[in-house]
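Let me begin by presenting the structure, written as structure tokens, before commenting on it.
In what follows, every chain begins at residue 1, and chains take the letters A, B, ... in the order their sequences are listed. Since we're looking at a predicted model, the values are computed, not measured.
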Amino acid sequence: MDYNEIDRKWQKEWQDAGIFEGDVNNNEPYMVTVAFPYVNAPLHIGHIRTYGTADVLARYKRMNGYNVLFPMAFHATGTPILAFAKRIKNGDKDLVSELKLFGIPDSEIEKMSDPEYIASYFTREIEAGMRRTGLSIDWRRKFVSTEPMFSKFVEWQFGLLNSKGYIVKGRHPVGWCPNENQAVGMHDTKKDAEPEIEKELAIAFRIDGEDAYFLCATYRPETVSGATNIFVKASAVYSKCTLNGKGPFYISKVSSASLKYQFAVEQLSEISGSELLSKSCQNPVTGLKLPVLDGFFVDDSLGTGIVMSVPAHAPFDYAAIEKLKASGTHVEITPIRVMEIKGKEDGKEQAEPYVDVPSMKYMEMFKSKTDEYAMLEAATKQQYRDEFHYGHMIAEGYAGMGEAEAKERISHDLTSSGKAMDIYVIANHPVVCRCGHSVVVKVVEDQWFLNYGNKEWKALAKSALDGMSILPEKSRKAFESAIDWIDLRAVARAQGLGTRFPLDNSKIIESLSDSTMYMCFYTISNLLRGIDPQLLKPEVFDYILLGKGSLDAVSKSSGIDGQVLKRCRESFEYWYKVTSRHSATELIFNHLTMYIFNHSALLEKSYWPKQIVVNGTVLSDGEKMSKSLGNIVPLVAGAEKYGTDVVRALVIAGADLFSDSEFSEVAAKGIDERLSYLMDIAGRIDQMETGQLGHNDYWLYSRLNRKINTATSQIEKLELRGFGTSVLYDSVLELRRYISRGEPNAIVVKDFVAAVTLMLCPIAPHISEEIWHIMGNRDFASTEKWPSPDLSLISDKVEDEEKEIDEVISDAKRVMSLLDRAGKAPKSIRLVVAEDWKRSIYRMAHKSRNMKQVMDLIGTSEGQADLGIPGGKEGEAAAYASSIAKRINSIPDVQSSQEEEHTLLNDAASFISKSLGCKVTVELAQKSSSKRAGNAHPLKPSIDVET
RNA sequence: GCAGGGGUGGCAGAGCCUGGCCAAAUGCGACGGGCUUAGGACCCGUUUCCUUUGUGGAUGCGAGAGUUCAAAUCUCUCCCCCUGCACCA
């Protein structure tokens with residue numbers, strides 16, 4: 001079928017009819033918003049996961065009579081667009097080839113050294129892509145996050161946050177490129193490595209006979225009392241310097257250069273590492289005299305370039321000492337153990353021989369590693385892991401404490417007595433900036449933060465969350481932890497596009513923080529369009545969003561027409577009552593949580609979000625879509641190639657909300673086949689007969705109404721995988737069976753296809769619309785009423801009976817194939833229907849799930865009468881009951897009588913006969929002459945194949 | 001490391017909340033057959049093992065233990081995988 005033609009036709013019809021434009025009216029409102037796209041790339045099919053899921057909800061709600069608003073805007077603030085422009089300017093080949101992958105012409109790429117142009121180009125492209133995908137968006141409300149009128153809104157937001165005391169000032173470590181002199185994040189580094197910043201404790205070891213210290217950075221300050229010596233790198237250059245006026249300290253020259261982004265560093269002198277070897281110092285806790293040694297593993301660019309050596313707890317330290325000994329250096333060092341392992345139940349440590357030097361044990365554990373360095377790394381990791389979980393201090397002053405507690409206490413003790421200080425390091429060093437320089441840690445003073453750590457604010461956010469529906473519900477826990485976890489968030493940056501930070505005009509508001517409330521702005525963006533942004537003073541938004549002040553006063557002071565202000569207020573009040581927010585799962589820990597916080601802080605409770613929906617991503621043939629793999633499917637190209645609805649169904653309904661969905665050609669073909677089948681049937685209804693409804697017809701009605709019932713509850717919860725399977729795949733199966741079973745009834749098929757088409761509409765709107773019109777309807781399926789189930793037509797009995805027919809056929813086929821193997825050809829088949837007393841026994845067994853009770857009943861004459869066992873059949877009944885005793889737990893609930901079953905099979909005999917290619921007769925067990933009559937069970941007639 | 005989500009048949013993926021018609025839906029793949037000049041599409045069958053004029057049995061849902069008349073489903077322990085971890089959209 002020609003999807004493209006159908007897609008375009010209905011997109012145009014919808015557009016012309018304006019059915020997706022939402023305006024205030026008397027119906028119940030429902031507003032759906034999605035994380036707006038960042039305008040530095042075209043859409044690929046992965047985007048449709050989130051946008052499409054939101055669209056499904058919007059379309060579903062629309063069909064349920066809600067007045068739906070699904071708006072869209074564009075995100076352009078922040079640094080990526082600037083970086084993008086710069087890369088184009090520098091002729092970055094990777095970026096250019098990536099853009100070409102999306103089919104962007106050279107003539108356009110050339111112009112992209114201008115950030116403005118990038119934003120406008122992709123804004124157009126993305127909108128076109130969304131339109132091409134049939135998203136039911138009200139485009140009249142679109143805006144870009146860099147627009148002046150939106151900036152005014154953001155300024156209002158931050159002014160209000162500040163007045164509530166949620167903005168604070170402090171110091172903060174960031175990844176920093178000393179060469180480019182700016183903060184760097186993941187997208188600024190080679191291999192897109194995220195600079196992981198960790199805090200270490202730098203401990204000062206007083207040098208004997210000199211007013212100076214060795215400054216050792218360590219992750220494990222709790223082991224300091226086990227320090228037996230100091231390691232330096234003999235070949236490196238060290239610097240004697242003060243940090244923030246303290247010291248003087250010896251640290252490596254390289255580290256002194258990077259630490260100046262954290263401290264005021266005053267260089268005093270330089271000295272070679274080998275010269276340090278003659279010095280000694282004191283352990284700050286135990287007072288032990290520590291020699292200085294050359295450590296083979298010491299890297300002068302890590303930490304401070306000086307390491308405290310704890311051989312008992314650090315495999316590297318132990319190994320370095322052994323190495324020195326082996327090379328003939330005179331070393332007299334006894335490892336000192338500071339903790340022991342308790343509570344590990346595998347018993348290994350009881351038997352271990354190196355109890356005084358635990359690190360030896362761990363080295364032994366990984367001795368199979370060929371590479372010594374890898375062995376030591378593995379040993380270090382394992383030892384730390386064990387000691388973290390099971391370690392208990394034995395060192396004086398901290399005995400009995402767990403590792404974590406001891407670490408905290410010792411750090412505190414050392415820091416408060418001036419013997420140590422915090423320093424930040426790049427944990428995954430080296431992280432290299434795109435410019436080629438190693439990234440260091442810079443502590444930014446006077447940084448502005450949103451204080452998400454504020455207790456009252458957290459409580460507000462929690463209560464907002466409690467009042468919200470979260471889909472899928474199982475992700476609620478993630479939100480709860482996110483609210484607990486989120487703390488200070490830097491909010492002003494030196495660079496990037498965006499809104500100036502009201503408290504410091506030299507800064508730009510960070511781009512995730514400026515997009516936490518923009519959903520409100522949709523309700524008024526179309527009304528404010530054309531108004532001079534300068535008029536949008538805070539009191540305007542106070543009035544519109546908070547209902548503060550009087551219309552006249554605000555109109556007068558702002559200079560904005562009172563009618564406009566009034567409509568804005570009404571629009572906000574109307575739409576923002578019920579909002580559903582959609583995003584991908586990875587935004588739970590930042591955007592979505594910030595969204596909750598900001599809404600709960602700024603708006604009245606009645607305008608807090610009502611629902612958040614999160615979804616997984618899209619894989620392409622099992623792989624994550626990535627530029628390097630070249631497996632990104634651009635959205636428009638995908639829609640053109642496979643058909644919009646095929647892509648939509650695949651991506652949206654291909655997986656559970658929370659898991660990743662899979663895009664593959666094979667699956668696309670599968671969807672295509674089903675959609676084509678439905679369309680084909682719809683076109684053939686006219687040629688079908690009508691007549692009296694038979695068993696088969698009631699079966700299809702039962703299936704249909706059951707489907708409507710369950711599918712509706714599934715789509716309510718956006719369980720779209722199950723929904724899609726039931727509405728698309730199962731429907732096709734059911735229709736096929738129905739048609740092959742006998743004369744299809746036009747009315748029944750029409751009812752079925754109509755309901756299925758309407759339910760399919762949110763997922764596959766274009767094809768549904770087409771089918772709907774093929775069936776002779778004039779109005780849009782998209783605005784049609786969602787089908788409601790007729791529960792009275794749902795019948796377990798009818799469905800069980802049809803299932804019985806299918807099973808008779810498949811069982812008979814099996815028997816026939818066995819006969820075939822034996823070289824016998826079937827002549828005719830007799831189906832023998834089980835007696836009613838067997839049904840009584842089944843029912844009893846099903847109800848009681850206790851065969852003894854049933855047997856007891858058969859044993860009494862009253863029981864026999866109750867069960868309808870004819871005289872003389874007691875023995876047979878008891879034997880029968882015991883024969884089914886084994887499967888007591890799987891005895892079905894039988895509703896049909898023998899008479900009914902007989903009629904059913906008789907009526908279906910021609911169908912069964914046709915399926916088997918053999919004559920079929922049906923008889924009652926008590927009247928049957930078949931030897932196999934006794935084998936008949938309720939719903940499982942005995943099949944006697946005569947040869 | 002912390003937090004969240006997972007581990008089901010050749011593969012993908014239901015089922016798990018609310019234990020029992022679950023040898024486990026559905027799809028894909030594979031194999032055999034039909035249709036066809038042939039291929040595709042379509043249709044039928046098989047796809048853990050054993051048994052077989054059938055509706056029977058064994059094993060079985062990451063590993064182990066437990067609760068129960070009964071466990072893929074409930075409890076505990078362990079192993080493994082995925083995602084996120086902040087100034088970055």
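Along RNA chain B, the nucleotide nearest to A:V666 and the one nearest to A:S659 differ in position, and the one closer to the 5' end is contacted by A:S659. Each of A:A478 and A:G175 has a nearest nucleotide on RNA chain B; the 5'-most of these lies closest to A:A478.
Residue A:E586 has its side chain nearest to B:G84 when only B:G84, B:C28, B:C87 are considered. Side chain of A:S481, nearest nucleotide from B:C87, B:G4, B:G54: B:G4. Relative to the side chain of A:W485, the nucleotides B:C85, B:G6, B:C42 differ in distance, and B:C85 lies closest. Here the nucleotide nearest the side chain of A:I943, chosen from B:G5, B:C43, B:G54, is B:G54.
The separation of B:C82 from B:G10, taken at their C1' atoms, amounts to 23 Å, rounded to a whole angstrom. The separation of B:G60 from B:G9, taken at their C1' atoms, amounts to 9 Å, rounded to a whole angstrom. For B:C76 and B:G84, the C1' atoms lie 28 Å apart once the distance is rounded to whole Å. The same atom, P, is picked in B:A12 and in B:A65; the two are 27 Å apart, to the nearest Å. Taking the C1' atom of each, B:A38 and B:G54 are spaced 38 Å apart, rounded to whole Å. Here the separation of B:A25 from B:G13, taken at their C1' atoms, is 10 Å to the nearest Å. For the P atoms, the distance linking B:C11 with B:A63 amounts to 14 Å, nearest Å. Using atom P as the reference point in both B:C61 and B:G66, the two lie 16 Å apart (nearest Å).
The partner of B:C35 is absent, by the rule that a Watson-Crick or G-U pair needs both atom distances under 3.5 Å. In this structure, B:G19 forms no base pair with any nucleotide, since neither Watson-Crick nor G-U wobble geometry is met with both distances under 3.5 Å. When both pairing distances are held under 3.5 Å, B:U77 makes a Watson-Crick or G-U pair with B:A63. The nucleotide B:G10 finds its pairing partner in B:C28, both defining distances of the Watson-Crick or G-U wobble pair being shorter than 3.5 Å. Partner assigned to B:U48 is B:A58, using Watson-Crick or G-U wobble distances below 3.5 angstrom. Both distances falling under 3.5 Å, in either a Watson-Crick or a G-U wobble arrangement, place B:G84 opposite B:C2.
Between A:Y219 atom OH and B:C2 atom C1' the separation is 15 Å, expressed in whole Å. A:E673 places its CD atom 11 Å from the C1' atom of B:C28, with the value rounded to the nearest Å. In this structure, the CG atom of A:N451 is 14 Å from the C1' atom of B:A86, given to the nearest Å. Atom CG of A:N590 and atom C1' of B:A86 are 8 Å apart (whole Å). We find that CG of A:D811 is positioned 12 Å from P of B:G45, with the value rounded to whole Å. Atom OH of A:Y842 and atom P of B:U55 are 12 Å apart (whole Å). Put simply, CD1 on A:I483 is 14 Å from P on B:G4, counting in whole angstrom units. Whole-Å rounding puts the A:L831 CG to B:U55 C1' distance at 14 Å.
Remark: of the listed residues A:H75, A:H591, A:H582, A:H75 is the sole one forming a ring-ring contact (aromatic ring centres under 6.0 Å, His included) with A:F36.
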- Query: Hey, mind stepping through A:S731 and A:K707 against side-chain hydrogen bond (donor to acceptor under 3.5 Å, both in side chains) and telling me if it holds?
  - Reply: CA-CA 9 Å; A:S731 296; A:K707 183 194 307 290; 3.1 Å; yes

- Dump the intermediate steps for side-chain hydrogen bond (donor to acceptor under 3.5 Å, both in side chains) on A:E801 and A:S896, then the final yes or no. CA-CA 8 Å; A:E801 287 168 350; A:S896 325; 2.8 Å; yes

- Show your reasoning for whether side-chain hydrogen bond (donor to acceptor under 3.5 Å, both in side chains) applies to A:N590 and A:Y595. CA-CA 8 Å; A:N590 49 49; A:Y595 164 82; over 6 Å; no

- Checking side-chain hydrogen bond (donor to acceptor under 3.5 Å, both in side chains) for the pair A:H172/A:Y424: CA distance, chi angles, key distance, verdict? CA-CA 10 Å; A:H172 185 65; A:Y424 293 99; over 6 Å; no

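Within 4.0 Å of A:Q447, counting heavy atoms only, lies no atom of the nucleic acid at all. Among the protein residues, A:N40 comes within range of no part of the nucleic acid, since none of its heavy atoms lies under 4.0 Å from any strand. Nucleic acid contact class of A:T585 (heavy atoms, under 4.0 Å, all strands): none. Counting any heavy atom pair closer than 4.0 Å across all strands shown, A:H172 reaches a base atom. A:G670 comes within 4.0 angstrom of nothing in the nucleic acid, heavy atoms only. Residue-level contact check: A:K940 touches the bases, meaning some heavy atom is under 4.0 Å from a base atom. Residue contacts for A:P941: at a heavy-atom cut-off of 4.0 Å it reaches a base atom on one of the strands shown. The residue A:D656 sits close only to the backbone: its heavy atoms come under 4.0 Å of sugar-phosphate atoms, none of a base. If you check every strand for non-hydrogen atoms under 4.0 Å, A:S942 touches a base.
Open room surrounds CD on A:E408; 12 or fewer heavy atoms of other groups in view lie less than 6.0 Å from it. The number of heavy-atom neighbours closer than 6.0 Å to NZ of A:K477, taken from other residues, nucleotides and ligands shown, is 12 or below.
Side-chain contact of A:N615 with A:T50: a donor-acceptor pair under 3.5 Å is present, judged by distance alone.
Note on ring orientation: taking the six-membered ring where Trp is involved, the planes of A:H47 and A:H44 are tilted (angle from 30° to 60°). Under the 30°/60° scheme for interplanar angles, the aromatic rings of A:F589 and A:W485 are found to stand perpendicular.
The phosphate of B:A41 has OP1 or OP2 within less than 4.0 Å of a side-chain N or O from A:K669. For A:K477 and B:A3, the shortest distance from a side-chain N or O to OP1 or OP2 is not below 4.0 Å.
Side-chain contact between A:K462 and A:D484: present, with at least one pair of heavy atoms (C-beta onward) separated by less than 4.5 Å.
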List every contact pair, protein side and nucleotides 22-26 of chain B side both N or O, where the distance is under 3.5 Å.
none

